[in-house]
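To start, the structure itself, in structure tokens.
Any value given below was found using the heavy atoms of this structure, including those in side chains, with hydrogens, waters and symmetry copies removed. Since the model is a prediction, treat every value here as computed from it, not as a measurement. Every chain is numbered from 1 and lettered A, B, ... according to where its sequence line falls, protein lines coming before strand lines.
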Protein chains: 2
Amino acid sequence: MPRSRKAPTMVDIARAAGVSPMTVSRAFKSDGAVTDATRKAILAAAEDLGYVFDSVASNLRSQRTGFVAVTIPSINNANFADTVDALSEGLSQRQLQILLGYTNYDIIEEERLIDQLLRRRPEALVVTGGNHTARARRLLSNAGIPVVEIWDLPEDPIGHVVGFSNAGAVRAMVAHFVARGKTRIAFIGGDAERDKRGSDRRAGFIAAMQSHGLDSTRLIAAGPPPISMREGANSMRQLINSLPDTEAVICVSDLSAFGALSECQRQGIPVPGRFSVAGFGDYEIGAVSVPSLTTINPFPREIGTRAAALIRDVLDSREQGHIVVPITPELLLRESSC
Amino acid sequence: MPRSRKAPTMVDIARAAGVSPMTVSRAFKSDGAVTDATRKAILAAAEDLGYVFDSVASNLRSQRTGFVAVTIPSINNANFADTVDALSEGLSQRQLQILLGYTNYDIIEEERLIDQLLRRRPEALVVTGGNHTARARRLLSNAGIPVVEIWDLPEDPIGHVVGFSNAGAVRAMVAHFVARGKTRIAFIGGDAERDKRGSDRRAGFIAAMQSHGLDSTRLIAAGPPPISMREGANSMRQLINSLPDTEAVICVSDLSAFGALSECQRQGIPVPGRFSVAGFGDYEIGAVSVPSLTTINPFPREIGTRAAALIRDVLDSREQGHIVVPITPELLLRESSC
DNA sequence: ATGAAAGCGCTAACAG
DNA sequence: CTGTTAGCGCTTTCAT
């Protein structure tokens, strides 16, 4: 039935089934109070006419869209993908659907995106990170829907938070290396202002090194996001050339850590024998590489699961307090730093 | 302005600006014929009242949503992410926004998803793969909007196609190994019925091996999707144990190929010296690993770019012919098979 | 360039 | 359990 004329509406179904449009409407809701027989007849008529329920009209009338808007820096990042996947799963039970947008690690783009997403009248909004333009903050504050910032612990949260301290996690990593007797430790990445979580990790490295009374200036830039393996390899080459006495390197991500590791392999530098490497994020590569990578697991799926639960709760209770759900990253000691 | 009472509508803005709602509506369209002065006043009033344009109402009245629905098997796959990213970019110029759904490699789930997405009244629909349930095919055929199947060349396309032959690409890989003098070649993955592209690759391997008069039964299962590095390593272990005289392995993905490579490294098997490895997809891991991985680049971004261009064209011209845009994957010979 | 009237397709609210 | 009425917020259409 190639929709030759015009798509059928509930009125058409109602006529075909000999009921009122309202009954058709009820037949399409799971909790609609309709006799089994009439519902069956209505659904049959709908199937017969090739009817497709119109959510747009439903949304306008009921003032509920079933959307939860989500912004992430990039779709091509396994950590954020895990969070979105878990979020999506946790929201589907409430019939909520994710409306996803990519900021490309740019808060100007994020502002534009938030503005656009808000026009679609989502019932909640999840943003990655706590760094926003003034206007974006205003839009979020006035949106009149639950707002959740994830993957960070913002100083001045807009609404709810499900996240962790990126700086704190790296501090634990530095402590691990120091306990292993390393003193000349470098950091790769986090130089891009656009990637706030990356620069937080780098700042955490610097602060931790200083608190241990160690040289905190072995910093190698890895360029603008997205973080890549290639940049990690390039940075490692640079590190070997410029600071050859370095003993260990902490990377802003497992991706750059693997790149660094591959460069060591190319240059015949034994890891961990001569050099230790650590990453961040617990990507699959770190578990499978030889040697496996010491890293930090920030529990991306848990972030999504918790954010979904939070949204469900807030939507239920109309709770207005600002809830902070702290996530505790886990230090995973593996072969690359033994 | 925490929306204490009720969100302002165009009527409120109109009153505040001393114009009719229709003029407010025009002021918000880029091509709306409104005096610069009145537009300025209207936008100022809107900003002042914290007005947020309501797309839902706009969509209902204009019967245009600006959505393009897209289904992919998994959000956590760099190849599909690249396609979606390029697609998104190519559609944004037409103010089209992607409404994304994940099928989890399950055509039953895909059917449910298509049904749900269609209710949102997208203006076009992009589905990954050419394998669908009968009802899904019917829904797509009757949707009255352009349908594009990507990442495959279906025998019986529903609408338009932007894709390539997965079997054909693997055939080229087999030819490469045979030319290198390899005869005992294995294939890892593609055993899961749910991953049609994976099983197409495996089928291509079997057919190619048979056409060369070679043993086509060195097949190792890698379990259900998503394809993982870990499964690649497990499969390699199995291969080494069960068919130790194998000379080369083609994997369903670079991820499994890297897993296989890592297992070789753990067991001290020189690659490519004693054993050759190839993957599929041209993931970043294959370019950075040591040795780098011979693979096939299916141009995921190009698939997205072409699909976006196709949708723009079809939406413009109301063209009804079924267009097929063939993508030609490229064989990338790298260190792992030299 | 601006306005008035009507209505997109559905469902809240109320009635029976 | 079913129906009637009205209207969600915007834009099409037709005037002016």
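- Side-chain proximity of A:Ala33 to the nucleotides D:dT11, C:dA13, D:dT2 is greatest for D:dT2.
- Under the 4.0 Å criterion applied to side-chain N and carboxylate O atoms, B:Arg194 and B:Glu109 are not assigned as salt-bridge partners.
- Atom-to-atom, CG of A:Asp54 to C1' of D:dC8 comes out at 13 Å; the value is rounded to the nearest Å.
- Taking the ring centre of A:Phe67 as origin, the terminal cationic atom of B:Arg120 falls inside the region bounded by 6.0 Å and 45° from the ring axis.
- Residue A:Arg26 places its side chain closer to D:dG3 than to any other of D:dG3, D:dT13, D:dC10.
- Distances from the side chain of A:Ser62 to the nucleotides C:dG9, C:dA12, D:dG9 place C:dA12 closest.
- Close to D:dC1, at under 4.0 Å from its OP1 or OP2, lies no side-chain N or O of A:Thr35.
- Taking atom CE of B:Met10 as the reference point, atom P of C:dC8 lies 19 Å away to the nearest angstrom.
- Closest contact between the side chain of A:Ser20 and the listed nucleotides C:dG3, D:dG9, D:dG3 involves D:dG3.
- Listed candidates were D:dA6, D:dC10, D:dT2. Nearest to the side chain of B:Arg61 is D:dC10.
- Comparing C:dC8, C:dT11, D:dC10 by their nearest atom to the side chain of A:Met22 picks out C:dT11.
- Rounded to an integer number of Å, the gap from CG of A:Asn59 to C1' of D:dG7 is 16 Å.
- Between the base of C:dG9 and the side chain of B:Arg121 there is no donor-acceptor pair shorter than 3.5 Å.
- Salt bridge A:Asp115/A:Arg119: present, at least one basic N to carboxylate O contact under 4.0 Å.
- Note: CG (B:Asp31) to P (D:dT11) measures 11 Å, nearest angstrom.
- We find that CZ of A:Arg120 is positioned 14 Å from C1' of D:dC10, with the value rounded to whole Å.
- Rounded to whole angstrom, the span from the CZ atom of B:Arg15 across to the C1' atom of C:dG3 amounts to 16 Å.
- For the pair A:Ser58 and B:Val19, both in contact range of DNA chain C, the more 5′-proximal nearest nucleotide belongs to B:Val19.
- Close to C:dC10, at under 4.0 Å from its OP1 or OP2, lies no side-chain N or O of A:Ser25.
- Across all strands, A:Phe28 comes closer than 4.0 Å to no nucleic acid atom at all (heavy-atom distances).
- Using modelled atom types, one finds no donor on one side chain facing an acceptor on the other under 3.5 Å when comparing B:Ser55 with B:Ser58.
- Along DNA chain C, the nucleotide nearest B:Thr38 and the nucleotide nearest A:Lys29 are compared for position; the residue whose nucleotide lies closer to the 5' end is B:Thr38.
- Within the 4.0 Å cut-off from OP1 or OP2 of D:dC10, at least one side-chain nitrogen or oxygen of B:Tyr51 is found.
- Under the 4.0 Å criterion applied to side-chain N and carboxylate O atoms, A:Arg112 and A:Asp106 are not assigned as salt-bridge partners.
- Between B:Pro300 and B:Thr83, the closest side-chain pair of non-hydrogen atoms falls below 4.5 Å.
- Picking from C:dG9, D:dT2, D:dC10 the nucleotide with the shortest atom distance to the side chain of B:Leu60 gives C:dG9.
- Neither OP1 nor OP2 of C:dT11 sits under 4.0 Å from any side-chain N or O of A:Gln63.
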